[in-house]
Amino acid sequence: MTKVSASIVLYNNDIVEVKKLVDNFLKVTEDIEEVALFLVNNSPSNVELSKALLKIDSKNEQIFTIFPKENKGFGAGHNTVINKINSDFHFILNPDITIAQKSDINSMIRFMENNENYGLLSPLIKYPDGSIQHLLKRESTLFDMALRFVGGPLFKKRKQYFVSLPNGYSKIHHAENVPGSFMMFRTKIFKEIKGFDEKYFLYMEDSDITKKVNEISDVVFFPNAVVYHEWQRQNRKSIRGINQMLRSMYIYFNKWGWKLW
């Protein structure tokens with residue numbers, strides 16, 4: 001019997017969008033024997049959202065709500081489920097994710113069941129219009145991260161290389177650095193690495209956890225399954241967002257080594 005769990009960390013999200021995601025996930029997993037979906041409200045002062053989540057919780061025994069006393073960040077929010085899940089596979093979902101078909105979830109599960117050497121799977125992620133999001137990155141270096149802040153055609157080939165272009169999205173292969181918008185963990189691996197490093201409030205926590213998994217298992221890019229991501233991150237170009245990114249970069253490189261190139 002396959003057991004699946006998932007967690008969604010929310011921060012002042014529109015309840016209509018939350019319900020849409022909940023309904024979507026439960027629909028595409030309705031043929032799976034055991035499913036548990038955890039909704040983590042990282043906006044403790046948002047009373048209306050908390051009330052709405054409790055209402056959703058009360059109507060479905062597969063849904064569980066968690067209310068941290070304070071917002072400690074994306075990774076810390078997802079870590080609140082570690083001692084609550086008893087599944088074979090655990091999904092990390094952004095609130096702006098849509099899974100179009102049951103077959104996408106089922107193909108991910110079948111692949112992981114047949115390939116026990118993998119501890120983390122990243123599917124092909126697309127925009128709602130069907131175009132591919134180039135989120136599958138190489139291992140981060142100071143040079144590549146600096147280029148993320150530089151627009152225009154400067155070092156175009158290097159920028160393409162960093163996001164696995166031109167041909168990194170067409171076949172199954174080992175992955176060095178996968179996005180946190182949708183992750184499928186083998187639950188025992190997620191627990192063994194103790195989830196996300198909570199020193200990151202936002203940004204780079206996905207790069208970090210990919211490296212953690214690759215130390216004890218293997219990470220795979222699996223384009224045979226597709227999910228859709230609306231990309232609702234609005235604060236990366238704000239002063240606060242830039243400061244958070246720089247802080248996370250410092251934490252990351254201080255932990256894994258200051259690789260220039």
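Computed from a predicted model, the values in this text were never measured in an experiment. Because only heavy atoms are used, hydrogens play no part in the values below, and waters and symmetry mates are left out as well, while side chains stay in.
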query: Is it true that a side-chain atom of Asn42 and a backbone atom of Gly73 form a donor plus acceptor pair closer than 3.5 Å?
result: yes
message: Quick check for you: to the nearest 0.5 Å, what is the distance between Ser122 atom OG and Leu136 atom CG?
response: 6.0 Å
- prompt: Looking only at atom types and distance, does a side-chain atom of Thr98 sit under 3.5 Å from a main-chain N or O of Tyr228, one as donor and one as acceptor?
  reply: no
query: Is a side-chain donor-acceptor pair under 3.5 Å present for Asp208 with Tyr200?
result: yes
query: When rounded to the nearest 0.5 angstrom, what is the spacing between OG1 in Thr80 and CD in Glu198?
result: 9.0 Å
Would you tabulate the side-chain donor-acceptor contacts of residues 137-147 under 3.5 Å, counting partners in other chains and residues two or more places apart, or write 'none'?
residue	atom	partner	partner atom	Å
Arg138	NE	Tyr161	O	3.0
Glu139	OE2	Lys211	NZ	2.9
Ser140	OG	Asn177	ND2	3.3
Thr141	OG1	Asp144	N	3.1
Thr141	OG1	Asp144	OD2	2.8
Asp144	OD1	Arg158	NE	2.7
Asp144	OD2	Arg158	NH2	2.8

task: Say whether, by atom type as modelled, one donor and one acceptor occur between the side chain of Asn115 and the main chain of Tyr118 under 3.5 angstrom.
output: no
field: Side chain Asn46, main chain Pro44, donor-acceptor under 3.5 Å
entry: no
- request: State whether Glu30 and Lys27 are salt-bridged, where the test is any N-O pair (Lys NZ or Arg NE/NH1/NH2 against Asp/Glu carboxylate O) under 4.0 Å.
  value: yes
- request: Classify the side-chain pair His90/Ser5 by whether it contains a donor and acceptor separated by less than 3.5 Å.
  value: yes
- prompt: Salt bridge check: are Asp197 and Lys255 linked by an N-O gap of less than 4.0 Å?
  reply: yes
message: Can a side-chain donor-acceptor contact be found between Ser50 and Asn41 if the only test is distance below 3.5 angstrom?
response: yes
query: Given side chains that start at C-beta, do those of Ile8 and Leu21 come closer than 4.5 Å, heavy atoms only?
result: yes
Flag for Asn224-Ser107: side-chain donor and acceptor within less than 3.5 Å: no
